[in-house]
Trainee: 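Here it is, the structure in full.
Only a predicted model underlies this, so the values are computations on that prediction, with no experimental measurement involved. Proteins get letters first, then strands, A, B, ... in listed order; numbering begins at 1 in each.
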2 protein chains.
Amino acid sequence: MVESTGRRPTIYSVADRAGVSIATVSRVLRRPGEVRASTRDRVLAVVEELGYVPDGAARSLAVKSHEAHGLVLPELRGPYYADLLTGYEQGAAEGGASVVVLLTHGKDDVDLLVRRLAGRVDGMVLMGAVPVSTGTVAAVRAKLPVLVLADRHQVSVESFSTENVRSAEQLTRHLIDVHGRRTLRFVGSPEFADDVRERYAGFVAAHEAAGLVPAEPVPATFREDDGPRVASLLVEDGLGADGVVCANDELALSVMQRLLAAGVDVPGRISVTGWDDVMAARYVTPGLTTVSQPVRELGREVAVRMRALLEDRHSAPEQHVLPTRLVLRQSCGCA
Amino acid sequence: MVESTGRRPTIYSVADRAGVSIATVSRVLRRPGEVRASTRDRVLAVVEELGYVPDGAARSLAVKSHEAHGLVLPELRGPYYADLLTGYEQGAAEGGASVVVLLTHGKDDVDLLVRRLAGRVDGMVLMGAVPVSTGTVAAVRAKLPVLVLADRHQVSVESFSTENVRSAEQLTRHLIDVHGRRTLRFVGSPEFADDVRERYAGFVAAHEAAGLVPAEPVPATFREDDGPRVASLLVEDGLGADGVVCANDELALSVMQRLLAAGVDVPGRISVTGWDDVMAARYVTPGLTTVSQPVRELGREVAVRMRALLEDRHSAPEQHVLPTRLVLRQSCGCA
DNA sequence: TTGTACGCGTTATCAG
DNA sequence: CTGATAACGCGTACAA
């Protein structure tokens, strides 16, 4: 086989030019110790000269590994997913794998894309909120290790998440016990995502523990846009509530801003809390009381676990839950 | 429970089970129209039954395309990179390509990783701020199309960026003309990144146009941590300055918070401006005056351009510059 | 309409 | 220490 006319040098081009076989070129790159120094230097010189880089696809085919993980997220707004990706990428990189990101928002053929992705990676991480059919998940699981995040609906599949119920209970309890709140509202749609469901469960638990009756949740997505609607709903309601537990910070910030704009005293008249501890939470006035999740660490741990799974595919599915941390600022009533 | 066996079905398994040749299986998947309906259905049934997904590596090898682009970023903090990635992923997906993300922060072998990545993708996007040697860039460029972002140092390589000089000049001018500021300071290290350099250039230009002498920049990275240092520096300085133009919002928010905490009136005594328009900018008090960049659109346009480059590799390098928008809030002195 | 056979670029085994 | 060669799984001329 002679040099192909293609512009990209192959292992054959290098071998030819260095006067060795392709086996030697491969060895020089993978196990330099097994090659005589003089030969090695000659080959490396040619590699450098030609700018040779092994083709990843061919390599993957030969070693039977894509050296890549798939990470499927709904979107990338807010710090949560970005931090997750950051942590995951680090953990994956430590194992020599790169990360292929698939964002599902705005795509109408998610199932197809996920299936296709399954053919290019060694393992796949699925955010619980991504709109993918159980059939597709099953098909992918049959091919490679799958880890699901922030969704523990199915116990059969291994999952990671941050603690929600107890944190939400602790937060709600704080509002009730420390700040004497009695008519709290929860903002967010529990049926929307598993973590919201758990946060509401904690909200309910705190009420029951205090002998109070929890109110029905005020439906809202994770978008800031819902803030105004919720805020005016609270105001029109004659402000029957004296505290608002929001499913995330975007919602909380937006609601709080509207309340303040309407002349409502926060936290004097009403407490507001969020979830996530975004950057804005510590810059607004009053500072937003919220819950901080170790998202970056979560991402890294997920990656590490994925690497372990790739080594030994027969370990039983585990359910991992990482602890969160309550961040008390001023919006709840704390000094 | 379905388990991943590690031995995935291949095109041969499907062909065998369906009683056809692999060519037919391949055709059914790629050009269904060329196959008789009955045969097609039989094959598809087996595909479904076995959960067959074509191996991406083998496919790439055969079609000579990785169907993937590389995106190399320093990190993922703040909304900039996340938005960029979001836009790019969308644009790439429209062309059927996935995105492999490489984060360089904290890695000490960036050049190696970038070279390796070059073997797994069809094109590569490099953020100007990533610490990669010119030699590596040259080597990668020899293999595949490379697009550089927010760095126009080398005209030979095609680049994308958002407008900096004129926007910074306009912003500075606003502080001078509208708010009567005379002793402005620029916070950020021009030598750190190309876009910071350009923003400082605009800062200088506005001064010259107004017959003022621009002060030397106050060195600072993009990190929030530098805020306190800069703020106390300004205060200790007897607050010789009546305005601070920061290289980005993180810096501005941090500086502003410290100034306010020290009892300094913002914007009464001193104006503060940022760059990027992060979420916190519209929630703080006073609202942060800043510059908004169409980052998402930028990402998408870069992806579209990359796809064009992949079609026709012989177009001359272009320098693309997207317009930005000045966002006036209260921290500059506006009502 | 369907099947055969070869090429894609690398790794790894086994002789030499 | 080095070389020849067989996989790896898929797409596709070319034949039938």
Trainee: In whole Å, I'd like the distance from the CG atom of B:D41 to the P atom of C:dT1.
Mentor: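 Nearest whole value for this atom pair: 14 Å.
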
Trainee: Under a 4.5 Å cut-off applied to non-hydrogen side-chain atoms, are B:L29 and B:L44 in contact?
Mentor: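 Side chain of B:L29 against side chain of B:L44, heavy atoms only: contact under 4.5 Å found.
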
Trainee: Under a 4.0 Å N-O cut-off, is there an ion pair linking A:E67 with B:R116?
Mentor: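 No, A:E67 and B:R116 are not salt-bridged.
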
Trainee: Please determine if a side-chain N or O atom of B:T39 lies less than 4.0 Å away from the OP1 or OP2 oxygen of C:dT2.
Mentor: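 So the side chain of B:T39 is within the cut-off, an N or O lying under 4.0 Å from OP1 or OP2 of C:dT2.
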
Trainee: In whole angstrom, what separates A:E34's CD from C:dA12's C1'?
Mentor: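 Rounding to the nearest Å, CD of A:E34 and C1' of C:dA12 are 11 Å apart.
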
Trainee: More than 12 foreign heavy atoms under 6.0 Å from CZ of A:R296: is that the case here?
Mentor: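 Open: at most 12 neighbouring heavy atoms sit under 6.0 Å from CZ of A:R296.
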
Trainee: Find every protein N or O atom lying less than 3.5 Å from an N or O atom of nucleotides 4-9 of chain D, and list the pairs.
Mentor:
from  : atom 1 : to    : atom 2 : distance (Å)
D:dG9 : N2     : B:A58 : O      : 3.4

Trainee: NA contact type, B:S60, heavy-atom cut-off 4.0 Å: base, sugar-phosphate, or nothing?
Mentor: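 If one applies the 4.0 Å heavy-atom cut-off, B:S60 turns out to touch nothing in the nucleic acid.
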
Trainee: What is the distance from CD of A:E67 to C1' of C:dT11, rounded to the nearest Å?
Mentor: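 Distance check: A:E67 CD to C:dT11 C1' gives 11 Å.
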
Trainee: Within the structure shown, what part of the strands sits under 4.0 Å from A:V20 by heavy-atom distance: base, sugar-phosphate, or nothing?
Mentor: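 Counting heavy atoms under 4.0 Å across all strands, the contact made by A:V20 is with sugar-phosphate only.
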
Trainee: Give a yes or no on this: more than 12 heavy atoms of other residues, nucleotides or ligands lie within 6.0 Å of atom CZ of B:R42.
Mentor: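 Yes.
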
Trainee: I need the CZ-P distance between A:R31 and D:dT2, as an integer number of Å.
Mentor: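 Spelled out: CZ on A:R31 to P on D:dT2 is 13 Å.
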
Trainee: Assess whether a salt bridge exists between B:R115 and A:E48, defined as any Lys/Arg side-chain N lying under 4.0 Å from an Asp/Glu carboxylate O.
Mentor: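 Salt bridge: yes.
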
Trainee: On the nucleotide C:dA12, are OP1 or OP2 found under 4.0 Å from the side-chain N or O atoms that A:S26 carries?
Mentor: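 For A:S26, the contact criterion (side-chain N or O under 4.0 Å from OP1 or OP2 of C:dA12) is not met.
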
Trainee: Is there a side-chain contact between B:R40 and B:R27, using heavy atoms and a 4.5 Å cut-off?
Mentor: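 Of all side-chain heavy-atom pairs linking B:R27 with B:R40, none is under 4.5 Å.
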
